[in-house]
Every structure is written in structure tokens, then in C-alpha cells.
2 protein chains.
Amino acid sequence: MKKITILDIAKELNITFSTVARALNDHPAISTTTKQAVRETADRLGYRANKVASSLRSGKTKIIGVLVPRLDVTFFSSVVHGIEGVMNENGYTILLYQSQESIKQENRGIDTFLRSRVDGIIASISLETEGDGGYGEIKDRNIPLAFFDRVPQGLDVPSVTIDDYRGGFMATEHLIQSGYRRIVHINQYRNINIFNERLRGYLDALKQYGLPIDERLIIKGDFSPEFGRQCVRNLLANGIDFDAIFTLEDFTAMGVVQELKAAGKDIPTEVGVVGFANEAFTSLVSPTVSTVDQCTVQMGEEIARLFLRLLERGDYYKHKPEKIVLAPSLLIRESSSR
Amino acid sequence: MKKITILDIAKELNITFSTVARALNDHPAISTTTKQAVRETADRLGYRANKVASSLRSGKTKIIGVLVPRLDVTFFSSVVHGIEGVMNENGYTILLYQSQESIKQENRGIDTFLRSRVDGIIASISLETEGDGGYGEIKDRNIPLAFFDRVPQGLDVPSVTIDDYRGGFMATEHLIQSGYRRIVHINQYRNINIFNERLRGYLDALKQYGLPIDERLIIKGDFSPEFGRQCVRNLLANGIDFDAIFTLEDFTAMGVVQELKAAGKDIPTEVGVVGFANEAFTSLVSPTVSTVDQCTVQMGEEIARLFLRLLERGDYYKHKPEKIVLAPSLLIRESSSR
DNA sequence: GTGAAAGCGCTAACAG
DNA sequence: CTGTTAGCGCTTTCAC
């Protein structure tokens, strides 16, 4: 199959290729007859416009780079699902890159996007990223940039996040209101903004309800079911008094639930548990686990729409960057209902 | 920030832009001194090669189109995770498209990839796709094409799948060997090859072990926890005798487990349950659910590697297409251990 | 309403 | 080892 260009169509019809180009782009100054004829021969010859050529000439690729830590984490794949859906409807395609939580790989991604001349970049930073990472250059080059969930510090660009502080507060408040008093919080050791916010919400809720803050109840580590199990084992082994556990995400909560059950503790009567993220399994397990919903798909759709709005308006960096904060919702399930 | 091209670097150094181009591409016939100088000024000026221009000229984009049904399904996002990982290591970037299980949207994806002049396409077909869908044209245009998991019928191209027949057989055989005799199989109503294969495995296992095939034990519908629950309710309501349930995927199995527990049936003593897919929650719930692992990330990596191997060899369609079939592994957990 | 011509930024063949 | 030259396939301005 020979490669067909607008020149081939032009020859076929004895017109110039510029007329063909205009017809294909539905230019107003082309007669309907010509357009008809051009489209018909284009179809007949199996013509497929060359986006590479038009991108080079026009300076627009209609491609958005999406840079996420890793796609095997439900949260990120759901958001990308949302982003792709909206971008697709608006004629944009997604160039995908995973940082694998590594700053080096993240910078390679930025470089690739820049070289690919994407029309914009949507990202969520890696766990290793500090300051503005390599993202500053994108803004310097005046290329539209927006973040979701994990936003770098010190870079004033549009973003969509959930109110993690509020999520942490709501979860803790709910436990307090359910009569729990010695509430453990499992967080993690890195200095990640969203996780710090959840911790802050926890602390403020305790304060507001006049409960003491006990350092022994605040645990930092890496999140996983195994870490959750280990935390419970340590708490029990050290004879630390507690009656509820709020974890920074659901996998850890799952481990917590398993170990509590193994230790013969009844959930929720003896110990209440609340997670974070609304992973699919939280509503399927027994007891069902209370958690905070992060509106993942919605987050993707919001960031995409925000981005498109700004893209259309042109002057991307001329305005105060819009920062959308979605309200998390607390899903009260069996693990904390007493 | 002005846009820097090789011409700017050339002017700066008083050499021609073709020398710059060669230096940048590490051409052997360029002195180390020149290369050094070129790279240094390139960095200093903030030069970023324009992939669009080089793609147009060279005819290679170093972009692979990946077309999947939807990214909010763990299976697909895991495979894409694997594909991106390997492609990335080999200098390729992923252009992502979701068919949303719609044939129309799938064809738009193919069109976009063709217009974007991707160097190849990796796909998993939508539930609506029949025959070779719109994929025939890709092969006709001699563009490398490969499938994973959901492969179209009547298109002889490379693929990576798991042995679904074997998975269905193993699951059923395991139940039989554990002493279960009246084994329900929940499948789905569409004519999808991989699902049919799982059913075939189920049937053959029964046959091989001399068990009767009872049509009332074979249920077809759409998969979801809710559908699983409904199936159990119907089985019980209709007084159908059964002592095990093998579902075509894990979410349905989860619903089955919930409803059996609600009905006071003990798992695994009264009823055994086996799912399919090894979703994260199957190892976290109680009882843990036996399932068939589909090696998702590995599948992505395999298809990417297979693809790269063929891409390098050139003559993509000159050889008999390689079809890799991965061996599924049965994970025996509490739900079927008696 | 259509044509002519320039050029986007690069690769690569041909010269020297 | 480096320079010259000709495009890749399209968009877009200026003509008529």
C-alpha cells in the first residue's frame, strides 16, 4: 500500500495540493463540490492525514503528556482513565509515562514530553521529588502544566486535589463521635504533602474534641498490608492502650483488620478501623471497611477539563492558577460502626 | 524562552547545522572536540531536540499505540504498566487510547494511531469487536500489530495470552479433587474467546473426571459482585443442589462469597469457591479466595518484548506470527481448601 | 474559489 | 572530518 499524501489526491483531481489541504480542513473558501470530490477520493485512495507533518508545521501536536508514578496502582490508573476519557472527547491523545516513583525517571519523562512537543503536561509527582523537581522548566518554556493529587511545592500552577486535611479530620472525628478515644494513626515516613495533611487533620480533630495527643499512637512507616499487620502486632506486644486505628490508606487498613481478627479483637466493638482511598476491596471484605473516598475518576475528569479550559483561553500562565480542591467523602461501613 | 534549534547552536559555534545534527546523534565521523562543544552549547542554550521534525524526516516516531478497553480495570492497567515499563527502557513512548468497550471508539483509536504514524500498535479488543474489527487495515499497511489477552478472530498476528482453557480446567479439577461434585460455573453471555475457553476447561474437567454436565449449573450473565450475589440467591431459591462455584473472574466470586456467608453456608466446608484473575482483594478477604493468576504485568512485559524483537528484525509480517501462551497458575486459598 | 510558494526542524545522501 | 543540498507532508500567507 503506497503512502498517499494530499499531492496524490491533488493529481487525481487535477487541482493543487493546497486546495486539497483546505478542503480536508473544511476551509470556508472552498466550494462544496470540491470538498465533496476531495473527500471522496481521499477515502477511495485510503488517505490518512499525517499528524506528524501537520504538527511540525502548525506547532500543535494535540497530544497531552501524562506523567504518573505507576499505573499498577488503582488510584493512578483510575485518574488516567478519567483524563483520557475527557481528553479523547476533545480531540487530544495521551502520551503516557511512568516515573516509577523515581526522580530520575520522572525527569526523563519530562524530557521526553518536551522533545515530543506535547501541547501540555498533566502530572502527579513521585515520592522522591523535592521542590519543583524538574517541572520548573516546563513552566519556564510556557508549556501548560497541571498537577493532580501529588503537587510539588513551590510551583504555582493549576491543580486538582482532594482536601486531605478534611479527609483526615472527618475520619478521626467520626471515630471520636463513635466513642473511640485512643485512636492510633498510621502514616508514613516521607515528607509528602498529602500525607502530612491527613496527619494534620487527625491531630486537629483530636485537639478540637479535647483528646490528648499521644506520640505512641502515631506510627510512621511504609504502607502495605504487611506494615499494617506489623503495627498491630507491635501495639499489642508493647501493651499500648488503643481502641481505634485510622490508616493513611486502605491496604494498610486491610492488614490492620486481618491482624486484629487474628488477635481475637472484635471489629468494631473493641477496635474501630478507618482507611483511606476507597479501594474496591473495602466494600467487599468482612467487616466492610470504612474509608475516605478520593473521587478518582472525577479527579481525572476535573483536571482534564480545567486544563482544556485554560488551553482554549490561550494565555495559560497569565492568570492566577486555578486550584480545585475536591471534597472527600467519608464512607462509614462496618469496621467503625458501633 | 526562544525556541532553540540546531541552527542556533551552529551559529553560536560557527559550524553548519548538519555538523551539529551529527554531533548530537553521536555520529562516528565527528571529532570528539566538536561533539563536546556542541553538547555544551546545546545544554547552555537549553536545546531540546524536536522529535516531531525528526519523525517526519526519518519516518519513525518511536511511539507505540496502546489500545485497551478501559484503564479502570486492574487487569488492563497492570498490563499497560508492564508494556510501558519495557517500552520505556527501549526508548519507546506509549500513546494511549481507551475503546471503552465500544467498537466505534476502537476504530477511532486505530484511526488516531494511523494518523499519528505510530511505529506499532498493541491492543486488546473491545467486547463489541467482531471478526478482525478495524485491525485488518493496520496489517494491510504493514504496521506492526500485536494483541494481548483479547485477540480478534481471523487475523494472524503475534499475541500473548494466557491459556484460559487450562485455567478453567485447573480450577475445576482442583475443586473436583477437593471432593466437590456439583460445581456451578458462572460465565458471561457474550461470545468472547477467552471466556469461552474457561468454560471449555470447566466442561472438559468434568468430563475427564466422569462428572455429569448439568446445564442448570452453568450460568451466563455479566460479571460483577452483584451478579455473583444474585446467582447464589437464585440457586438457593430454586433449590438447586450445588457444593462449589467457579466464577469467570474475581469480582463475581466476591459477590458469591458474600451471599453464601449471608445465607449461612460455610466456605469451604459446605461450598467451595474459586475465582479468576488474582485481584488484589482475593488474598485480603476472609476467607481468602482461591483464584487463577493471569500474570498481568508479565503479560505486558512479554508482549512488549515480543514486539521489540520483531520490530528490530524488520520484516514484521514476513514470518509466521509468534503466539505466546502463558501458563496460568492456580492459587489455592481458604475458599476451596477442605 | 483556487494556485504558488515558503518553511516548520530535522535526516541523510553526496561532495569535498 | 565537515559542508551542501534536498526533501519529509503539511499549514498558511499572499496572490489573482
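Heavy-atom basis, side chains included; hydrogens, waters and symmetry copies ignored. To find a chain, count down the sequence lines: A is the first, B the second, and so on, and within it residues start at 1. What you are looking at is a predicted structure, and each value in this text was computed from that prediction instead of being measured.
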Legend entry - Integer-rounded Å distance: dC10(D) P and R48(A) CZ: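 To the nearest whole Å, that distance equals 13 Å.
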
Legend entry - Most 5' of T34(A) and Y47(B) on DNA chain C, judged by nearest nucleotide: T34(A)

Legend entry - Side-chain donor or acceptor of K51(B) paired with backbone N/O of T61(B) under 3.5 Å: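 Side chain of K51(B) to backbone of T61(B), a donor-acceptor pair under 3.5 Å: yes, one is there.
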
Inset, instruction - Could you list all the salt bridge (charged side-chain N to carboxylate O under 4.0 Å, His left out) pairs where at least one residue sits in residues 109-125 of chain A, not counting sequence neighbours? - result: D111(A)-R115(A), D111(A)-R48(B)

Legend entry - Any pair counted as side chain to side chain donor-acceptor pair (under 3.5 Å), so long as it reaches residues 146-155 of chain B, sequence neighbours left out: E101(B)-R150(B)

Legend entry - Side chains of Q100(B) and Q105(B), donor plus acceptor under 3.5 Å: no

Inset, instruction - Taking atom types as modelled, find out whether Y317(A) and N142(A) have a side-chain donor-acceptor pair closer than 3.5 angstrom. - result: no

Inset, instruction - Scan L45(A), N50(A), T41(A) and name whichever one has a side-chain contact (heavy atoms from CB on, under 4.5 Å) with I4(A). - result: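 Among L45(A), N50(A), T41(A), the one that satisfies the side-chain contact (heavy atoms from CB on, under 4.5 Å) with I4(A) is L45(A).
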
Inset, instruction - For K104(B), enumerate each residue passing the side-chain contact (heavy atoms from CB on, under 4.5 Å) test, keeping only those at least two apart in sequence or located in another chain. - result: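 K104(B) satisfies side-chain contact (heavy atoms from CB on, under 4.5 Å) with S102(B) once adjacent residues are dropped.
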
Legend entry - Partners passing side-chain contact (heavy atoms from CB on, under 4.5 Å) against T16(A) (at least two apart in sequence or in another chain):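 Result, side-chain contact (heavy atoms from CB on, under 4.5 Å) vs T16(A): S18(A), T19(A).
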
Inset, instruction - Strictly below 4.0 Å, heavy-atom distances to any atom of DNA chain D: list the hits from residues 111-119 of chain B, or just say none. - result: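 Contacts with DNA chain D under 4.0 Å: none.
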
Legend entry - Protein-to-nucleotide contact annotation, 5' to 3' order, nucleotides 11-16 of chain D [B base; S sugar-phosphate only; - none; under 4.0 Å, heavy atom]: BBB---

Inset, instruction - Determine to 10° how strongly the helix from dG1(C)-dC16(D) to dG16(C)-dC1(D) is bent, judged from the axes of its five-pair ends. - result: 30°

Legend entry - Listed once per pair and sorted, the ring-ring contact (aromatic ring centres under 6.0 Å, His included) pairs that draw on residues 122-160 of chain A, sequence neighbours left out: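 Sorted result for residues 122-160 of chain A: Y135(A)-F147(A).
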
Inset, instruction - Please find the earliest and latest nucleotides of DNA chain C, in the 5' to 3' direction, that have an atom within less than 4.0 Å of any heavy atom of chain A. - result: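 Nucleotide range with atoms under 4.0 Å of chain A: dG1(C) to dG9(C).
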
Legend entry - Any residue meeting salt bridge (Lys or Arg N to Asp or Glu O under 4.0 Å) with K139(B), in chain and number order, not counting sequence neighbours: none

Table please: side-chain donor-acceptor pairs of residues 297-314 of chain A below 3.5 Å, with sequence neighbours left out.
{"residue": "R309(A)", "atom": "NH1", "partner": "E322(A)", "partner atom": "OE1", "Å": "3.3"}
{"residue": "R309(A)", "atom": "NH1", "partner": "E322(A)", "partner atom": "OE2", "Å": "3.2"}

Inset, instruction - Check whether any side-chain heavy atom of T129(B) lies under 4.5 Å from a side-chain heavy atom of E106(B), and answer yes or no. - result: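 Yes; the side chains approach each other to less than 4.5 Å.
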
Legend entry - Within residues 7-16 of chain A, residues whose heavy atoms come under 4.0 Å of DNA chain C: I15(A), T16(A)

